[in-house]
Amino acid sequence: MSRTARPMSATNFIRQIVESELADKRHPGGVVTRFPPEPNGYLHIGHAKSMCLNFGIAQDFKGKCYLRFDDTNPDRESPEYVAAIKHDVRWLGFEWENRLTHASDYFDQLYQAAVELVRNGKAFVCSLSAADIRSSRGTLTQPGHDSPFRDRSVAENLDLFERMRCGEFADGTHVLRARIDMASPNINLRDPTLYRIRHLPHQNTGERWCIYPMYGFTHPLSDALESVTHSLCTLEFEDQRAFYDWVLDNVTVPSRPRQIEFSRLALDYTIMSKRLLTALVEEKRVAGWDDPRMPTLSGLRRRGYTPASIRDFCARIGVTRNEQQIEMSVLENCIREDLDRTAPRAFAVLRPVRVVIDNYPNNQVEEFEAANHPNDPGMGVRTVPFCRELFIEQQDFMEDAPRKFFRLAPGREVRLRYAYLIKCTEVIKDHSGNVIEIHCDYDPASAGGKAPDGRKVKGTLHWVSAEHSVNAEIRLYDQLFVEPNPRADSDTDFMDLINPESQVILTGAKVEPSLARAQCGDTFQFERTGYFCADPDSAPGSPVFNRTVPLRDSWGRKNPA
RNA sequence: UGGGGUGUAGCCAAGUGGUAAGGCACCAGAUUUUGAUUCUGGCAUUCCCAGGUUCGAAUCCUGGCACCCCAGCCA
């Protein structure tokens, strides 16, 4: 499997815009996009959508895409996040080559741009407190009023701004504001803040600055400096576009990018807000950013999702301006489709119960050949050891079984896949009535699982040898929340909606011997059970597997446990 | 009448005046040594609603309705 991303097959309204502009020769320098994460958290699947869009357009239209860290707020950003983001971008299959940048790389130019605005009377130093700025901004329905500092002279503004930069003032004492229109119906145009004072070291620029530019000012200029042609962002920035354009209209810039918005991704039964994901991590409600229940790329990776499956998902959901609330089944379908093709099969018994084959020789061991993939002989075969005592799945035995239960029950015959047909002769229970041992007879003529006389045996079970199997820990994962949209009800704390069964740890699982040497990240289909992935917690001889996704199960769906 | 957006099936989504693609989900059947996979068929006489224009409207016009975003010195 190639590490490079396949282009998104589907088109969308943004690609159509790019295409028609290219047809009109509007971009002689080629199309340029950018993926601009803030390094204040880990990337999630919503970012994957943005990456597929931005890097995908660059790839398909022979353009370029920058990976630009939007690092203008030093108190939330850290090198740990920078490193994690770079790792995740590469993992998803995208390459920035020599186009790794930071908004902070442009702090000098940004400062000069601010000075230019001041010189032209388009910006002023405001010495109102944050609270006063807020109250003078007006409301959604009422205009704001001008700051008393709005008409400071250019000379005074220049002097003050310079002194802000030199560290003469404490945090919060002054800000630089654009001089636009306090009565604008668009609140973003009511003299928005351009620079604030923060005496804080920065993850990239260190101690060099104590004033930091705001997003709304930084973003259009960074785009222009990188000759970005299409600045693609999510819908909540739509109202900011007027300010984006104002900046580009009022500062001398080398190029003229265009902002286009698309809707952000929401997935059922999870959350995509970085603030809330951070809270889950910090309050230790999950094991970390890479907890397999998290919608982060690192979480999905640890869960067993492949980059290709996530790219496929992004292609399937499309890019529009509609609110997107996607069902989990879409994502699950993508990983099942990928892993069905690529994951070798293996036997693992999650909740074992002992089976004794009374008519099988006591010390005999046979090796049966098993296909690594039933539909792909190229994936080869392995052998699995068989002996008198085995484990099967507790769920595969029922004492009083209905007609349609195609598994083991007293007097009934099933196939042990690749091995023999066995018939249940006796059930042994403990004092509280739990089945602890199932006795069977096997048909010696059915080696390999073939019915010698062609008799129909509907049920086929997976199994492991009691003597040869390996103990394993298996972690079952399910949706993180019990509500499709945990944020829907503002009276309910989303923490209270965490699914208590989102992680179920099985410590007594028995897996076939070949699985003892599973390497972290190896994926398997445990037959009849699901897709699993070896966790980094695995140790030699004691593997740990995460369930990526269960197999589709038309029996279990109709007969919930 | 604060501003900006969005309404096509349960969830996504094509569609750009010529008679509703596709995916997921769901249902039915075939094949199957995984109740998996695969395959086959079904699933919107109608596009938020109401009028209008037109031979013809999801597409154009008018008027409603519903939902989302915006009042950080966050991004």
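Atoms considered below: every heavy atom in the structure, side chains included; atoms not considered: hydrogens, waters and symmetry mates. Just so we're on the same page: letters track the sequence lines, and every chain starts at 1.
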Pairing of A:Asp181 and A:Arg190 as salt bridge, 4.0 angstrom limit: no
Just the atom pairs and distances: protein N or O near nucleotides 36-39 of chain B's N or O, under 3.5 Å.
unit_1	atom_1	unit_2	atom_2	d
B:A36	OP1	A:Ser554	OG	3.1
B:U37	OP1	A:Arg552	NH1	2.1
B:U37	O2'	A:Asp340	OD2	2.8

Expressed in whole Å, how much space separates the P atoms belonging to B:C47 and B:G5? 25 Å
Could you go through A:Tyr244 and A:Phe237, starting from their C-alpha distance and side-chain angles, then the distance that decides it, and tell me whether this counts as ring pair (Phe, Tyr, Trp, His ring centres under 6.0 Å)? CA-CA 10 Å; A:Tyr244 184 96; A:Phe237 292 99; over 10 Å; no
Work out how far the C1' atom of B:A71 is from that of B:A66, and round it to whole angstrom. 24 Å
What is the separation between atom CD on A:Glu332 and atom C1' on B:G23, rounded to the nearest whole Å? 15 Å
When both hydrogen-bonding distances must be under 3.5 Å and the geometry is Watson-Crick or G-U wobble, what is B:C47 paired with, if anything? none
Return the value, rounded to whole Å, for the distance between atom NZ of A:Lys458 and atom C1' of B:U34. 12 Å
Flag yes if more than 12 heavy atoms outside A:Arg163 fall under 6.0 Å of its CZ atom; otherwise flag no. yes
For every nucleotide of nucleotides 69-75 of chain B, 5' to 3': is a protein heavy atom under 4.0 Å from its base (B), only from its sugar-phosphate (S), or from neither (-)? BBBSBBB
Taking CZ from A:Arg557 and C1' from B:A28, how many angstroms apart are they, rounded to a whole number? 13 Å
Would you kindly give the CZ-to-P distance between A:Arg417 and B:U32, to the nearest whole Å? 14 Å
Using the P atom in both, what is the distance from B:G18 to B:G23, to the nearest Å? 24 Å
Identify, between A:Met328 and A:Ser446, the residue whose nearest nucleotide on RNA chain B lies closer to the 5' end. A:Met328
Tell me: CG of A:Leu350 to P of B:U34, nearest whole Å? 19 Å
Span that lies between the P atom of B:U6 and that of B:G10, in whole angstrom: 23 Å
Answer with base, sugar-phosphate or nothing: what part of the nucleic acid does A:Phe69 contact at a heavy-atom distance below 4.0 Å? nothing
Residues that A:Arg68 engages under salt bridge (Lys or Arg N to Asp or Glu O under 4.0 Å), provided they are two or more places apart: A:Asp223, A:Glu226
What distance, rounded to whole Å, do you find between the two P atoms, one in B:G52 and one in B:A44? 28 Å
Should B:C60 form a Watson-Crick or G-U wobble pair with both distances under 3.5 Å, which nucleotide is its partner? B:G52
For the side chain of A:Asp146 and the backbone of A:Met182, is there at least one donor-acceptor N/O pair under 3.5 Å apart? no
Write down the distance between CZ (A:Arg487) and C1' (B:C68), rounded to a whole number of angstrom. 13 Å
Separation of B:G35 atom P from A:Asn559 atom CG, nearest Å, is 13 Å
Could you tell me whether the side chain of A:Val175 reaches within less than 4.5 Å of the side chain of A:Leu194, counting heavy atoms only? no
For A:Asp478, check salt bridge (Lys or Arg N to Asp or Glu O under 4.0 Å) against everything at least two apart and list the hits. none
Sticking with atom P, work out how far B:A57 lies from B:G17, rounded to a whole angstrom. 14 Å
When the aromatic ring centroids of A:Tyr195 and A:Phe161 are compared, is their separation below 6.0 Å? yes
Sticking with atom P, work out how far B:A58 lies from B:G72, rounded to a whole angstrom. 44 Å
For B:G41, does the glycosidic angle fall within 90° of 0 (syn) or outside that (anti)? anti
Contact state string [nucleotides 8-16 of chain B, B base, S sugar-phosphate only, - no protein heavy atom under 4.0 Å]: --BSSSSSB
Rounded to the Å, how far apart are A:Gln395 CD and B:U34 P? 18 Å
Please measure how far the C1' atom in B:G22 lies from the corresponding atom in B:G15, and state the result in whole Å. 12 Å
Any carboxylate oxygen within less than 4.0 angstrom of a Lys/Arg side-chain nitrogen, looking at A:Arg15 and A:Asp60? yes
Ion pair check, A:Arg455 and A:Asp443, cut-off under 4.0 Å: yes
State the pairing partner of B:G41; accept Watson-Crick or G-U wobble contacts with both distances under 3.5 Å, and report none otherwise. B:C27
Salt bridge (Lys or Arg N to Asp or Glu O under 4.0 Å) with A:Arg417: which residues, sequence neighbours excluded? A:Glu527
Check every strand shown and say whether A:Lys450 touches a base, only sugar-phosphate, or nothing at a heavy-atom separation below 4.0 Å. base
Quick test of your reading of the model: are A:Glu38 and A:Arg76 salt-bridged, counting only N-O distances below 4.0 Å? yes
When all nucleic acid strands are considered with a 4.0 Å heavy-atom cut-off, which category describes A:Lys404: base, sugar-phosphate, or nothing? base
Can you tell me which residue among A:Tyr442, A:Phe368, A:Tyr418, A:Phe391 is in a ring-ring contact (aromatic ring centres under 6.0 Å, His included) with A:Phe386? A:Phe368
Run the salt-bridge test on A:Glu367 and A:Arg382 with the 4.0 Å N-O cut-off and return the result as yes or no. no
Pair partner, B:C67 [Watson-Crick or wobble, under 3.5 Å]: B:G5
